[in-house]
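Throughout, protein chains are lettered first and strands after them, A, B, ... in sequence-line order, and every chain is numbered starting at 1.
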Amino acid sequence: MDRYNFKIVENKWQEKWQKSKVFKAKIDKSKKKFYCLEMFPYPSGKIHMGHVRNYTIGDVLSRYKSLKGFNVMHPMGWDAFGMPAENAARENNLDPKEWTNENISTMKKQLKRLGLSIDWDREISTCSEEYYKHQQLFFLELFEKGLVYRKENYVNWDPVDQTVLANEQVIDGKGWRSGAIVERKKLNQWFFNISKFSEDLLKGLDELEEWPNKVKIMQKNWIGKSFGCEISFQTEGELPVKEIKCFTTRPDTLFGFSFLALSVDHEISKYFSKDKEFLKFRDACSKTGTTEEAIAIGEKIGFKTKLLAINPLNPNQKVPVFFANFVLMDYGFGAVFGCPAHDQRDFDFAKKYNLQIKTVVKPDNENDNFEVKDKAYSGAGVLINSEFLNGLKVPNDSILKTIDILEKKKLGKKKVNFRLKDWGVSRQRYWGCPIPIAYNENGHVMPIPKNQLPIKLPENVNLNSKGNPLDSENEWKNIIIDGKKCIRETDTLDTFVCSSWYYLRFCSPKEEEYGFTQDEINYWMPVDQYIGGVEHAILHLLYSRFFIKALGFKNNNFKFTEPFKGLFTQGMVCHETYKDQNNNWLSPEEVELVENQYRKKNDPTNKVKVGPSESMSKSKKNVIDPEKIIENFGADAVRLFILSDSPPEKDVQWSEQGMLASYKFIQKLWLLNEKVKKKIKLDIKEIYNNSDLEKFTNQIINKYTYNLENFNYNVIIANIYEIYNFLNKEVDKNINSETLKKNYRKILILYLPVIPHFASECLFDLEYDDKFDWPKVNANFLKEDKVDFVIQINGKKRAILKENKDIDQESLLVKIKSNKLSEKYLKNKSINKIIFVKNRLINLIINE
RNA sequence: GGGCGAGUGGCGGAAUUGGUAGACGCGUUGGUCUUAGGAACCAAUAGUGCAAGCUGUGAAGGUUCGAGUCCUUUCUCGCCUACCA
């Protein structure tokens with residue numbers, strides 16, 4: 001028999017699918033919709049294994065839901081703006097647009113080769129005018145709603161990329177892309193007022209039942225809601241400062257107050273702008289504040305001012321005011337009230353500067369003389385040494401009661417504080433969406449009239465100019481609005497803006513007037529299943545959620561409040577790492593295994609050091625190119641393997657042996673298919689021995705469907721192997737041909753989501769048809785007449801008896817007593833207790 | 001420092017509700033066929049014992065007739081986050 005030729009078969013079906021547009025999604029209100037979306041790729045050049053895994057998972061789901069009768073939309077697009085294009089273009093003297101579009105066409109071909117069930121008619125690219133013109137309109141709309149504003153503030157400046165980074169893009173004080181140490185710089189920036197929705201974004205998490213808890217917790221922490229109190233501390237001293245505001249979650253510890261600490265950026269710092277000692281201190285802060293070691297050591301340093309702050313609950317107490325490196329300007333009011341006894345950070349600071357450490361909370365099991373010694377005590381207990389607050393239960397009573405008192409005395413008020421900051425969207429780059437704003441000669445903001453959109457990016461710009469290339473595009477920059485000379489905003493939008501609404505665009509990809517139509521988004525949205533990497537757990541997902549709230553703000557037409565109903569975060573694809581004797585990274589292709597010894601190919605004396613398996617990355621050279629693998633083994637085999645070895649939410653190890661095994665398995669399935677076909681042709685009429693097959697088929701449909709619904713994709717692959725193992729033996733028996741055909745057809749449909757080309761080919765062979773429904777379980781065949789009963793004696797398994805289903809305890813006991821078991825374990829013993837679980841087990845408790 | 005998650009054979013991993021631990025695959029071992037095989041097929045494969053059996057899901061306790069699964073303590077690893085007042 002011929003071997004299975006995946007090249008011919010896969011090509012045939014891919015062409016067929018393309019021609020017949022089977023994956024084209026149309027609104028059909030009579031059917032339940034299912035919107036399946038994977039995070040769209042950045043067109044960096046070629047697809048990598050992470051894409052293969054991501055899109056295979058989504059494809060399995062999409063195909064399964066279609067077979068289940070859902071009206072599925074499964075689109076694909078390109079997150080096409082961004083710095084790599086600009087950098088690559090500069091290095092190779094190209095146009096970023098050309099570079100991007102070439103990459104898109106390469107990657108699109110590669111994705112098609114995987115046999116994905118994508119509606120390519122909905123393809124979008126964020127760098128196309130047709131896309132970003134709508135984004136510019138959204139910007140103006142949000143501007144009108146007051147959700148976009150401009151302010152000057154300190155920004156994270158990446159000196160290598162010459163651009164501003166969002167807080168989230170600064171990792172350990174370094175730029176997330178360049179790795180350069182981030183500097184502080186004051187700039188005028190555009191902001192989205194995401195913090196306005198802090199409460200909504202937090203509450204909305206509760207309704208996201210199909211999101212991983214982990215991601216919800218991450219977002220919750222990021223939004224960082226805390227309940228406390230705003231206190232105005234009166235001050236005394238040589239400066240014209242009368243009061244300082246602080247936010248605290250622990251107003252109840254006010255009697256333990258021993259210092260007040262300010263951020264070096266606090267407005268009071270303006271009185272120190274000529275103080276050399278202060279400036280030196282501020283420098284030291286900005287240097288130590290960001291490095292990893294500094295944070296790890298956590299050394300606290302301060303600069304003492306001559307100001308004194310007065311304790312609002314005890315006006316006789318006056319404590320020093322410091323500037324301190326650990327106080328952040330963008331949280332609370334940039335000022336902290338210090339209570340060393342009950343906050344470790346304050347404790348460290350007080351120790352260093354010899355400040356008073358007064359205990360005001362004692363744990364419940366201590367007496368009133370309790371004193372904090374080596375470590376701050378931040379636990380629960382009772383207030384002490386706090387005059388009229390003494391005896392209050394910490395934390396709940398004490399905090400509420402203290403706030404009450406402060407409010408009555410007009411010294412403070414209840415306050416909820418959020419950690420979430422507004423989203424700075426300005427980027428000093430060329431390859432992004434232009435911001436539809438201009439400035440007149442007085443520097444006033446002039447929104448570009450909507451009828452002048454889109455603002456197209458100028459072409460043929462000089463990318464080698466320093467900073468933002470758009471700054472030097474004078475012709476593009478200078479425009480006339482209402483007959484007046486204006487200058488365009490040259491910043492472009494953060495690319496996270498593009499990805500915050502692309503899922504809406506897929507609903508109306510060709511709509512010209514607006515980014516989408518109400519009708520279409522209200523049919524397709526929300527995305528039923530969103531699939532992607534956990535690295536986007538905070539930024540992208542939070543921004544997208546914000547976008548829905550912002551677009552829906554003062555607009556009641558949206559029938560949904562969250563963009564992504566279900567979220568699945570898949571793990572990474574890993575591979576061992578290799579280094580040669582000179583410590584150079586080697587790719588798997590450069591390494592061979594000879595007699596249990598890894599060595600460099602063509603260089604047998606060069607032993608290779610095998611490192612741990614890590615996520616595939618170009619820098620460590622542990623990458624496997626999907627294109628070559630698909631060419632060697634076929635799309636189906638790759639899909640099979642990428643799902644088989646680990647649960648999809650966990651990391652998976654790429655294994656050459658595993659890949660080969662999947663390839664061979666497809667061959668085996670093909671041989672089995674030939675065998676089954678032959679058997680069916682024999683036209684056997686006998687009814688002999690069919691129930692096993694029917695039983696098995698129904699049981700496996702049951703299991704398989706359960707596993708599919710629960711994302712146990714590695715287990716469905718195991719189920720496919722089980723099917724093979726069973727059927728390969730079963731088919732040798734004398735099976736009624738009709739029965740065989742009927743059941744085999746159901747089984748092939750089970751294969752369709754995972755190995756669609758192979759399964760389509762076999763099904764077509766069997767039926768000359770390509771319309772299928774997901775097989776239903778016939779419960780009659782799930783019924784077993786015999787069941788394996790576990791016989792336990794004193795809780796230990798002693799035997800398994802095959803007995804009639806639904807047998808009762810008494811009858812089972814009779815069976816056991818007539819069994820040799822009885823002789824061995826029950827002779828001369830009395831049974832004290834019997835635990836009987838129907839159709840499962842019986843446990844006999846006897847005297848030893 | 002805080003949060004989350006995970007520890008099951010040589011390896012990746014199964015085990016819907018507490019009810020036969022180790023499905024399925026890789027690897028390994030033995031065999032068949034082959035000029036040969038990194039091919040195919042058959043068989044074995046948690047440990048220990050000739051065997052009946054005993055021991056086994058990171059460790060120690062607990063609840064239960066019964067625990068990989070629930071509770072407490074603890075160890076190890078991974079991921080995220082970080083001076084958030």
Side-chain angles (χ1 to χ4, degrees), chain A residues 171-172 212-218 220-222 224-226 228-229 231 246-251 260-261 263 289 292 294-300 324-328 330-339 343-346 348-349 417-421 534-535 537-538 571-572 593 613 640-641 644-647 649-653 655-662 664-665 667-668 671 702-703 706-707 709-710 712 714-725 788-800 824 832-837 839-845:
Chain A
I171 295 154
D172 295 334
N213 219 18
K214 182 173 73 168
V215 174
K216 286 197 274 188
I217 288 166
M218 281 162 84
K220 197 177 160 198
N221 292 340
W222 191 261
K225 180 179 182 176
S226 49
C229 180
I231 302 175
C246 287
F247 171 74
T248 178
T249 54
R250 293 299 303 276
L260 203 146
S263 157
E292 221 170 331
I295 292 170
I297 299 163
E299 200 200 351
K300 287 160 187 65
N325 65 337
F326 59 82
V327 185
L328 307 171
D330 61 2
Y331 187 81
F333 297 97
V336 173
F337 115 78
C339 174
D343 181 291
Q344 190 57 40
R345 184 199 53 207
D346 295 349
D348 296 343
F349 190 77
N417 204 36
F418 290 94
R419 185 182 170 276
L420 181 66
K421 290 287 146 269
V534 73
E535 65 272 19
I538 299 170
M572 293 180 294
L593 183 61
S613 184
L640 191 69
F641 173 70
S644 68
D645 268 16
S646 292
E649 70 276 14
K650 294 218 292 184
D651 288 354
V652 67
Q653 282 244 40
S655 139
E656 275 76 10
Q657 273 160 334
M659 181 61 245
L660 189 64
S662 295
K664 287 180 192 168
F665 181 64
Q667 296 290 346
K668 283 163 81 170
L671 293 177
N702 202 26
K703 272 206 268 186
Y706 173 84
N707 287 324
E709 292 278 354
N710 289 283
N712 302 334
N714 56 327
V715 187
I716 65 170
I717 307 303
N719 292 149
I720 292 178
Y721 277 94
E722 275 180 69
I723 293 170
Y724 172 85
N725 291 341
D788 285 338
F789 280 86
V790 177
I791 315 302
Q792 294 184 343
I793 292 170
N794 288 343
K796 290 209 170 201
K797 182 182 94 180
R798 291 302 176 191
I800 292 170
K824 188 163 179 190
N832 295 339
K833 193 177 173 185
I834 298 172
I835 291 100
F836 178 75
V837 183
N839 291 330
R840 267 193 199 274
L841 60 76
I842 186 163
N843 188 5
L844 307 176
I845 310 304

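- Ser263(A) has its side chain out of reach of Phe326(A): every pair of non-hydrogen atoms, C-beta onward, lies at least 4.5 Å apart.
- As judged by a 4.0 angstrom heavy-atom cut-off over every strand, Ile845(A) is placed among residues touching the sugar-phosphate backbone only.
- Side-chain proximity of Thr248(A) to A85(B), G25(B), C80(B): nearest is A85(B).
- Glycosidic conformation of G58(B) is anti; the angle lies outside 90° of 0.
- Lys220(A) comes within 4.0 angstrom of no nucleic acid atom, judged by non-hydrogen atoms across all strands.
- Residue Gln792(A) is classed as a base contact, given a heavy-atom separation below 4.0 Å to a base.
- As judged by a 4.0 angstrom heavy-atom cut-off over every strand, Ser226(A) is placed among residues touching the sugar-phosphate backbone only.
- Residues Asp346(A) and Val715(A) both approach RNA chain B. Their nearest nucleotides, taken by heavy-atom distance, put Val715(A) toward the 5′ side.
- When each of C4(B), C24(B), G19(B) is scored by its nearest atom to the side-chain atoms of Ala718(A), the top-ranked nucleotide is C24(B).
- Within the 4.0 angstrom heavy-atom criterion, no nucleotide atom of any strand lies near Asp343(A).
- One atom, CZ of Arg345(A), and another, P of A85(B), lie 8 Å apart when rounded to the nearest Å.
- Backbone-only engagement by Ile217(A) is indicated by non-hydrogen atom pairs under 4.0 Å involving sugar-phosphate atoms exclusively.
- Listed candidates were C41(B), G12(B), C24(B). Nearest to the side chain of Tyr724(A) is C41(B).
- No hydrogens or angles were tested; on distance alone, nothing pairs the side chain of Arg798(A) with the base of U20(B) as donor and acceptor under 3.5 Å.
- In this structure, Val652(A) reaches neither bases nor backbone, as no heavy-atom distance under 4.0 Å exists between it and the strands shown.
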